[in-house]
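Down below is the structure, laid out as C-alpha cells.
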Amino acid sequence: MIFKLTEEQEMLRKTVREFAETEIAPKAAEMDEKEEYDWSLWDKMAELGLSGIPFPEEYGGVGMDHMSYAIAVEELGRVCGSSSVLLSAHTSLCLWPIYNFGTEEQKQKYLVPLAQGEKVGAMGLTEPAAGSDAGAMKLTAKLDGDEYVLDGTKIFITNGERADVYVVIASTDPSKKHKGTSAFIVEKGTPGFTFGKKEHKMGIRASNTYELVFENCRIPKENLLGEEGMGFKIVMKTLDGGRIGIAAQALGIAQGAFDQALAYSKTREQFGKPICANQAIQWMLADMHCRIEAARLLIYKAAYLKDTDQPFSQEAAMAKLVASETAMWVTTKAVQIHGGYGYTREYPVERMMRDAKITEIYEGTSEIQRIVIAANLLK
Amino acid sequence: MKIAVLIKQTFDTEAKIVVKEGKVDPSGVNVIINPYDEFAIEEALRIKEKVGGEVVVFSAGSDKVTESLRKALAMGADRAVRVELDGVAVDEGVVAEALAKALGEGNFDLVLTGWLAIDDRSAQVGVRVAEILNLSQINMVTQLELADGKLTGSREIEGGMEVVEVPLPALITAQRGLNEPRYPSMKGIMQAKKKELKVVNASDLNISAQPKVEVKDVFLPKAKEAGKIYKDDMAAAVSALVKALREEAKVI
C-alpha cells in the first residue's frame, strides 16, 4: 500500500486550500447568517476548474480523478460546509449520472456547460412521503406523444432554484414501485416547473434548499436519462458516488473544526497557562485527530476503488457513515474546547457543528448506510 | 516576446521557524514561491496573454524546488529550468551568476523577478543578474506598461511616484501592488506535468558554484521582554529610567 497522493493531487489540495481560505472563509459566517450564497464564488470556482473535476476534457471537465474531486470537496468543507455541498451535489448528483447514463447528445448539450461551470446542477429525488423509501414516489411522468408530462413535487433539493439543470426521478409506472421509476433531465425555465418553499435549516444555511413543483410540465422525450424503469438503478449508482462527496464534505468540516480547536487551545489561557497544557484537552485533541485520519483513509480508499473501476459501494457507505459521525463528534468537541466562546457565532466552530449534522442525514441517513453495509455482509 | 521569470522557493510566511544546530530546520515546513516572485510570474503571464510569446521560469536550488517550478507551470508558464545548486543560496553572487549564465543563450526580451525574497531579504539577485547581462533595469515596480518596444515602470519613492522608461531587453523587479497573482487552474495542474522541466548543473554552465561567503551562525531574535513602567514619584522615576537607559539598554 502506498499512502501518497500524486503531485497533481497535492497541488490541487494546496490550491483549493489557498482559494478556500482567501476567497470563501472570509464570507462563510455572513453567508450562513443571511442564509444566502454569494454566487460570485461559484464563478471563481468554475474559473479554477472545480466545476468539472472528474470528467474528461471533451465533456468540459479537467480529466482528474475522483480522489482529486474528494480532496477539493474536503478543502471547501474545511472552511464552508455550504460551498462544499454545492460542489458535491453539482458534481456527484447531476453531472455524474448524465456522464454515466446520458447519450452523446445529452452529454454535449448538458454535461459540457455544467462541467465548465457555466451552469449549476442539482438532483430531485426526495419527496414529502418518499425519503429513504424511494419506491413511495408520487411524482409521475407520463409519455404523451413526443413528450413526458411531469406532475408532483420534490423537496429538500440542494442547489434548488439556482441550478440550471436538474436530474429528476419520477415514477413512470407506479404499479412497479421503485422498479417503475425513471430519470429525466429538466431545465430550469421549462413551463410548468417552478420553485416552492425555501427551507430554513439548522446548518449549511447558505446552501439553497428548495421545493421543486411540477404541474403539467412537458419535457422532450429525449430528456429521458437511460431507459424507462432505470430510475432506481441510476439513483443507487449515483448515490454510491455521492456518498464519497458527502463523506469528503464531512471530513472537511471535521478537519476545519479540529484546526480551529487546536489553534484555540494553544492561545486560550486559563489558570496561567494555555488550555492545551491540560491533559483533558490533549486527550480530546488526540481522539479528534485519530478519528479524522481514520475517516480520511476510508474515503480515500473508496475514491481509489472508484478510480480503479473496482466495486466501491460498501466502502463508500462505510466512509460516509464514519466521516459524518466523526464530523458530528469532532465539531461537538471543538465547541467544547472553545467553551462559552464556542457556543457563540464569534467563532466558526458553532457554524461547523450545525453544518456537521446534515451529513448524517442526506444522501442516505446513517441508518441507511448501516443497512447497506450489513446487507453487503450478509448477502 | 520571450520572457524569463526568476523565482525562489521560500518558507511559508506563516511557518514557524525552528533553528537546529545553527541551521533553519526545514522539516515539516510548508514551502511556497516567494510572494514577490509570484507577482513576477503573474506579470509575465499577463504580458504573454496580451502580446504572445513564451514564458520560461528559472530557479536555482535542489530537487525540492521542482514543486515550485511545477506550480509556476500550472499557473501558465510554458517551460521551466532548474539550476542544480544546493546550499549556496547564502551567496547571492553565485546564484545570480548561475541564473545569468542559464539565461544567457535564451535571447530573452524581458526578465522578471521579485525585488526581494522574504527569507533572507537581501534584494540582490535581480539587480546582479541585470548587471551581469548588461540589461536595463527598473526595480520595485508597482505598475508596468509595454508599448513600442519600451517598458514604462512606476515605483514608489519618498513622497511620490517615479516613472522610469527603459528599452528592451530589460530586467524588472516586482513590488507588492503590481498585480494579484492567479491560482493555478485544475487544467493548468494537469498540464504542468507534461511541460518541459530542464535541469542544468553548475558544470554545464561552466561556473564554480563555490560560495564566497560562509554562514557563521543562525539564531532567532530574542523574545520580546515585557516593558517596564517606572511609577514612583516623578523625580525618582525619571532618575531610575535614565539609569536604566544608560546601564541596561545602553542607549544613552
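Note on naming: letters A, B, ... go to the chains in the order of the sequence lines (proteins, then strands), and numbering restarts at 1 for each one. Computed from a predicted structure; not experimentally measured.
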* More than 12 non-hydrogen atoms from neighbouring residues, nucleotides or ligands closer than 6.0 Å to CD1 on B/I229, yes or no? -> no
* **Exceeds 12 heavy-atom contacts within 6.0 angstrom, atom CZ of B/F11** => yes
* Between CG of A/L12 and CE of B/M186, what distance do you get to the nearest 0.5 Å? -> 4.5 Å
* Asked: More than 12 heavy atoms of other residues, nucleotides or ligands under 6.0 Å from CD of A/Q108: is that the case?
  -> yes
Quick check - list every chain A-chain B donor-acceptor pair under 3.5 angstrom, one line each.
{"unit_1": "A/E7", "atom_1": "OE1", "unit_2": "B/R70", "atom_2": "NE", "d": "3.1"}
{"unit_1": "A/K14", "atom_1": "NZ", "unit_2": "B/N30", "atom_2": "OD1", "d": "3.2"}
{"unit_1": "A/K14", "atom_1": "NZ", "unit_2": "B/V31", "atom_2": "O", "d": "2.9"}
{"unit_1": "A/K14", "atom_1": "NZ", "unit_2": "B/E67", "atom_2": "OE2", "d": "2.8"}
{"unit_1": "A/E23", "atom_1": "OE2", "unit_2": "B/Y183", "atom_2": "OH", "d": "2.8"}
{"unit_1": "A/L48", "atom_1": "O", "unit_2": "B/M186", "atom_2": "N", "d": "2.7"}

